[in-house]
Amino acid sequence: MSNYDFTKIEDKWQTYWQKNNVFSSVVDESKPKYYVLEMFPYPSGRIHMGHVRNYTIGDVIARYRMQAGYNVLHPIGFDAFGQPAENAAIKHNTDPKEWTEKCISWMVKELKHMGFSYDWQRELSTHRDEYYRWNQWIFLKMMEQGLAYKKASSVNWCSSCETTLANEEVVNGGCWRCKTEIIQKDLNQWYLKITDYQDDLLEDLQKLENWPERVITMQKNWIGKSFGVEILFKEFETKQEIPVFTTRQDTIFGATYMVVAPEHPILKQIIKGNQQEQQVLDFIETTSKKSKVVRVSTDLKKEGVFTGAYAINPVNNEKIPIWTADYVLMEYGTGAIMAVPTHDQRDFLFAKDQALSMRIVISNPQKPELAIDELKQAYEDPGILVNSAQFNGLDNETAKAKIADWMEQEKIGKRTIFFRLRDWLISRQRYWGTPIPVIYCDKCGVVPVPEKDLPVALPEKIAITGEGGSPLLKVKEFVNVNCPKCNAPAQRETDTMATFIDSSWYFLRFCSPRNEQAAFDKTEANYWMRVDQYIGGIEHAVLHLLYSRFFTKFLNSIDMVDFKEPFDKLLTQGMVLKDGEVMSKSKGNIVDPDEMIKQFGADSLRVCILFAAPPEAEFDWNERGMDGAWRFLNRVWTLAQDMIALKQSATKQQIMGFEKEVEFKTHSAIKKISHEMRGGFKFNTAISAMMELTNTLVPAIKQAQEANVLNSVLEDAISNLIIMLSPITPHMCEELWQEMGNNTSIVKTNWPEFDLKKLELDELEIVLQINSKVRSRMMVEAAISEQDLKLKARQDPVIQKWIEAKPVKKIIVIKGKLVNIIV
RNA sequence: GCCGAAGUGGUGGAAUGGCAUACACGUCGGUCUCAAAAACCGAUGGUCGUGAGGCCUUGUGGGUUCGAAUCCCACCUUCGGUACCA
């Protein structure tokens, strides 16, 4: 039997799907809806194995849902703005738009070769003005609400990309894209006030029951809510207030010094004219030169100097020295801390180093007599308060509450909540992005572009040199405009928006991608959303997934959508590695999916990538997997061909003896595979169940061939196998389905239901154990009583040998599984 | 440091309290062939034994249980996240 001709078949069905609009979706209230979405790609031109994995998973889920009776939305688009296009422009003197569009057309072709079930009529790309004008519209809406604003601040700057970056885009102190070390710059930039939603973003995480735990944890940590008290310390001479933030107010009687950040505005005032002034100024100078990476690196010794000034601890009026040190950051809390070296490890190390005094205020219940000299590290665990005036004897958790109450009464402190989350810096000094729709007028100030003037189109075919700041600055026709308010000459904003804006709402645009009146049609969005199953890489755990949640909450607040969370279920697929490393051009270890398709076909590639590992796990690409997949498909192909041929020639229907087993295997496969398709998503085991079924059917069909008979049990089993395999290898299954005499697409065929009766066997194999060790097994009728089972077990010859003369203490029976005899 | 996940044959992996190693890959043997490839059939955790068969085995050590890869405790290793966050 010849191998199946995948090139011809795959081409045939891809054309068929396209011509017949098999995957186009419209609102249909008569069916339950299912929105399955994979994170859309950046159009780099070529799809890689990561894409193949991501989109194959999505495709299998989408196709399964279609067969299971759902109205499925499964769209694709391109996240087309961003730096690679611009960098290519600088390097090869190409036009970013042309480059991007060429890349998109390549990628569309490759995606189509994989046979994905996308509704291509909904394709979108973020670089088209029909899309990005709505970025501008949303920005204006945020401006109206005071959520988009401009401020001067110290920002993250990547000198290689020549642009600012959001905090979320700084990874290990470097640029997320090019890993260049980030420096701080003072610039006047646009921000989105994501912090307005910090509580909702945190609380609603609890509702995301179908998200991986680690993504939730990462977002929680990123938002970083901490409960504590802001305490008012006073500078000794000037009586100026220096608030400190602490979560450990229970340790305040142990505060033996204070530390302010080197950037703290009060620092220069309190040192003015004193002996320490020069030393402190020098220290500020040296720390400011250190990059954040260096300053934050863990094992570095904490540096600091005494300021010469003192503070008063408001709880006991103690005079404590004020230090400045690099381990206190201006960005967090109040930029000043009370230092309790006995109960905070950082303070402990610093105090030891600078020989500062310490006082124990929480005693360790295990070693209450512990003395300061014996302290090897700070004691940060729970304990009982000592040396703490009226609070002595309380356990520290109770003391936290009592001290906070007391401070609020005495007006020396108040309960405060601090977040780690900062507003989202969105201006980028780059060309290939959405222009920020704002005009600067000498008279009117910052003027938003009126809605009717949208889009603010990105000028095309301009010179991009990579030098001298934002390319748009040099485009006079773009920059020079008249003020929309007073008509006087004015200038446009030349920064563009961060591209993460584009991806923060594209899932909504997919619901009505051609709408020209609005970002999206509200009714359609409310029908299709939320995304039922979202699939993408873990690298977006914070960035894209947090921003999209923020946008959804904002759009909900202005009544554009009825829901507050965009993604119901989230699957984060693992990376595809090669020899333990990420595939990349520079390492030269890229496996080209197109090459695999040419050699083995898209169906084999789809099987290979799903069978290698469960979707969440990382896996190392191994070419051998392709051979295995190819072999399996040929086995199924031959099996089906044999059945089709037999149907023509078979002389009669006849019971062959394998029916019980075939039915059992078929229905346990239906049960198992349905479970994985619905939400287990362990496609590797779903495929292995199909392999097992195939391994049962191949000998059965051989037997039938020899007798030249066929029966409906075998026929049904094979047709169920083809249906269940079709989401994974759609081309081959469509072809077989047609050859088996069907004239509609297999996508329109109902998913099989399993019959519990077929899973009941007349006879079962029972494992026999002696003292919990397997010694024998026996066949019994399924209906056997417990009494008879025990009796029969004891009669088993092997068991009898093991029991011999020993007294039986106990017999444990697990119905349908085993008998364990304890002697 | 903290948080999280994981550790099973030569390899990818399966089994979430009841037959450890399903399903594949690889390897070995066979059929077919002048030969090879493909395909098909069979074997394949370790160890002792001529054999029947025994014993051991899910990172390590302990515990719970008639029974543990699975639950609990401690430790080791690997990976991921995060980090002077007060």
Side-chain angles (χ1 to χ4, degrees), chain A residues 1-3 171-172 212-218 220-222 224-226 228-229 244-249 251 259 261 295-300 302 325-329 331-340 343-347 349-350 377 380 418-420 538-539 541-542 574-575 580 607-608 611-614 616-629 631-632 634-635 638 682 684-695 698-699 702 765-777 798 809-823:
Chain A
M1 183 65 62
S2 61
N3 291 335
V171 179
N172 293 328
E213 198 53 46
R214 63 172 176 154
V215 174
I216 293 185
T217 308
M218 281 161 80
K220 230 182 238 168
N221 291 341
W222 188 263
K225 186 178 191 176
S226 55
V229 178
V244 306
F245 175 69
T246 183
T247 54
R248 291 299 307 272
Q249 63 271 18
T251 65
V259 187
R295 210 176 134 179
V296 153
S297 73
T298 341
D299 31 52
L300 204 76
K302 302 174 190 339
D326 55 5
Y327 78 97
V328 173
L329 306 174
E331 305 94 87
Y332 190 77
T334 59
I337 61 152
M338 61 173 204
V340 185
H343 305 294
D344 181 293
Q345 185 61 15
R346 291 155 301 169
D347 296 342
L349 290 175
F350 189 73
Q377 57 183 17
E380 293 177 328
F418 265 98
F419 284 85
R420 211 186 84 111
I538 186 75
E539 66 272 19
V542 175
M575 283 205 288
V607 169
C608 175
F611 186 59
E616 308 231 47
E618 211 167 64
F619 84 87
D620 212 76
W621 175 260
N622 186 346
E623 211 110 312
R624 298 229 185 254
M626 289 300 297
D627 289 325
R631 235 174 276 174
F632 168 57
N634 275 298
R635 249 168 102 74
T638 309
K682 289 179 126 189
N684 55 334
T685 60
I687 291 170
S688 81
M690 292 193 239
M691 286 172 168
E692 282 183 66
L693 179 56
T694 308
N695 291 346
V698 167
K702 290 241 163 84
E765 195 187 50
I766 299 290
V767 170
L768 302 178
Q769 296 182 327
I770 299 289
N771 291 341
S772 308
K773 282 202 169 157
V774 180
R775 293 301 177 187
S776 182
R777 30 197 105 213
V798 183
K809 276 198 212 147
K810 198 175 170 188
I811 303 180
I812 292 148
V813 176
I814 305 295
K815 225 184 153 218
K817 277 185 182 160
L818 63 79
V819 177
N820 186 7
I821 301 171
I822 312 300
V823 295

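The basis for the numbers below is simple: all heavy atoms, side chains too, and nothing from hydrogens, waters or symmetry mates. Keep in mind that this is a model prediction, so the values were computed, not measured. Letters go in sequence order (proteins before strands), and every chain restarts at 1.
For A/Lys810 and B/rU65, the NZ to P distance is 11 Å, given to the nearest whole Å. For A/Lys815 and B/rG67, the NZ to P distance is 24 Å, given to the nearest whole Å. Residue A/Phe419 contributes atom CZ, which lies 18 Å from atom P of B/rC85 at whole-angstrom precision. In this structure, A/Phe632 places its CZ atom 11 Å from P of B/rC25, rounding to the nearest Å. Here B/rG81 presents its C1' atom at 13 Å from CD of A/Glu618, a figure rounded to the nearest Å. Taking atom CG of residue A/Asn820 and atom C1' of nucleotide B/rC66, one finds them 5 Å apart after rounding to whole Å. The CD1 atom of A/Ile337 sits 9 Å away from the C1' atom of B/rC84 (whole-angstrom rounding). The CD1 atom of A/Ile812 sits 7 Å away from the P atom of B/rC66 (whole-angstrom rounding).
Spacing between B/rC79 and B/rC84 at atom C1', rounded to whole Å, works out to 25 Å. Comparing the P positions of B/rC55 and B/rA68 gives an interatomic distance of 15 Å, to the nearest angstrom. Atom C1' of B/rG9 sits at a distance of 15 Å from the matching atom of B/rG59, rounded to the whole Å. Spacing of C1' atoms, B/rG10 relative to B/rC76, comes out at 25 Å, to the nearest Å. Atom P of B/rA52 sits at a distance of 15 Å from the matching atom of B/rA43, rounded to the whole Å. For the C1' atoms, the distance from B/rG17 to B/rG63 is 16 Å, rounded to whole Å. Atom C1' of B/rA37 sits at a distance of 40 Å from the matching atom of B/rU50, rounded to the whole Å. B/rA69 and B/rA15: their C1' atoms are spaced 8 Å apart (whole Å).
Regarding contacts with the backbone of B/rA86, every side-chain N or O of A/Arg346 stays at 4.0 angstrom or more from both OP1 and OP2. Between A/Lys682 and B/rA15 there is a side-chain polar atom (N or O) within less than 4.0 angstrom of OP1 or OP2. The side chain of A/Arg420 places an N or O atom within less than 4.0 Å of a non-bridging phosphate oxygen (OP1 or OP2) of B/rA83. Distances shown here put a side-chain N or O of A/Arg775 below 4.0 Å from the OP1 or OP2 atom of B/rG54. Using a 4.0 Å cut-off, no side-chain N or O of A/Asn684 falls inside it from OP1 or OP2 of B/rA24. The phosphate of B/rA24 (OP1 or OP2) has a side-chain N or O of A/Asn695 nearer than 4.0 angstrom. Between A/Lys773 and the phosphate of B/rC56, there is a side-chain N or O to OP1/OP2 separation shorter than 4.0 Å.
Checked against B/rA86, B/rA15, B/rG18, the side chain of A/Thr246 finds its nearest nucleotide in B/rA86. Proximity note for A/Ser688 (side chain, C-beta onward) versus B/rA14, B/rA22, B/rC85: the nearest is B/rA22. Distance from the side chain of A/Pro614 is smallest for B/rA14 among the nucleotides B/rG26, B/rA14, B/rC19. Side-chain proximity of A/Val774 to the nucleotides B/rG18, B/rA20, B/rA86 is greatest for B/rA20. For A/Glu765, the listed nucleotide lying nearest its side chain is B/rC19; candidates were B/rA86, B/rC19, B/rA24. For A/Arg624, whose side chain is taken as the heavy atoms from C-beta onward, the closest listed nucleotide among B/rC25, B/rG12, B/rG18 is B/rC25. When distances run from any side-chain atom of A/Met691 to the nucleotides B/rA24, B/rA86, B/rC19, the shortest one goes to B/rA24. Side-chain atoms of A/Arg777 lie closest to B/rC19 of the nucleotides B/rG18, B/rG12, B/rC19. Out of B/rG80, B/rA86, B/rG12, the shortest distance to the side chain of A/Arg214 is found at B/rG80.
Pair assignment for B/rC2 gives B/rG81, based on Watson-Crick or G-U wobble hydrogen-bonding distances that are each under 3.5 Å. Within the shown strands, nothing qualifies as a pairing partner of B/rA69 under the Watson-Crick or G-U definition with both distances less than 3.5 Å. Figure legend. B/rG42 is base-paired to B/rC28; pairs are counted as Watson-Crick or G-U wobble with both atom distances under 3.5 Å. When both pairing distances are held under 3.5 Å, B/rA14 makes no Watson-Crick or G-U pair with any nucleotide shown. Look at B/rA22: it lacks any Watson-Crick or wobble partner with both distances under 3.5 angstrom. Look at B/rG49: it lacks any Watson-Crick or wobble partner with both distances under 3.5 angstrom. Nucleotide B/rC75 forms a Watson-Crick or G-U wobble pair with B/rG59, both donor-acceptor distances falling under 3.5 Å.
Nearest heavy atom pair, residue A/Ser226 against residue A/Thr247, reads CB-CG2, 4.2 Å. Between A/Glu380 and A/Asp344, the shortest heavy-atom contact is OE2-CA, 3.4 Å. Across all non-hydrogen atoms, the minimal contact from A/His343 to A/Arg248 is O-NH1, 4.2 Å. Here the shortest heavy-atom pairing between A/Val607 and A/Ala629 reads CG1-CB, 3.7 Å.
Counting any heavy atom pair closer than 4.0 Å across all strands shown, A/Ile822 reaches sugar-phosphate atoms only and no base atom. Note on A/Phe418: nothing from the nucleic acid sits closer than 4.0 angstrom, heavy atoms only. As judged by a 4.0 angstrom heavy-atom cut-off over every strand, A/Gln345 is placed among residues making no nucleic acid contact.
By the 4.5 Å heavy-atom criterion applied to side chains, A/Ile821 and A/Arg775 are not counted as neighbours. Looking at A/Cys608 and A/Trp621, their side chains come closer than 4.5 Å, going by heavy atoms from C-beta outward. Taking 4.5 Å as the limit, some side-chain heavy atom of A/Val774 sits within range of a side-chain heavy atom of A/Gln769.
Below the 3.5 angstrom threshold, one finds a donor paired with an acceptor across the side chain of A/Lys302 and the base of B/rC84.
Checking A/Ala617 against A/Ala336, the closest nucleotide of RNA chain B that is more toward the 5' end is the one next to A/Ala617. Projected onto RNA chain B by closest heavy-atom contact, A/Ala613 and A/Arg635 fall at different nucleotides, the more 5' of which corresponds to A/Ala613.
Expressed to the nearest 0.5 Å, how far NZ of A/Lys817 lies from CD1 of A/Ile766 amounts to 10.5 Å.
Aromatic ring orientation, A/Tyr332 versus A/Phe418: tilted (interplanar angle from 30° to 60°).
B/rG9: glycosidic angle within 90° of 0, hence syn.
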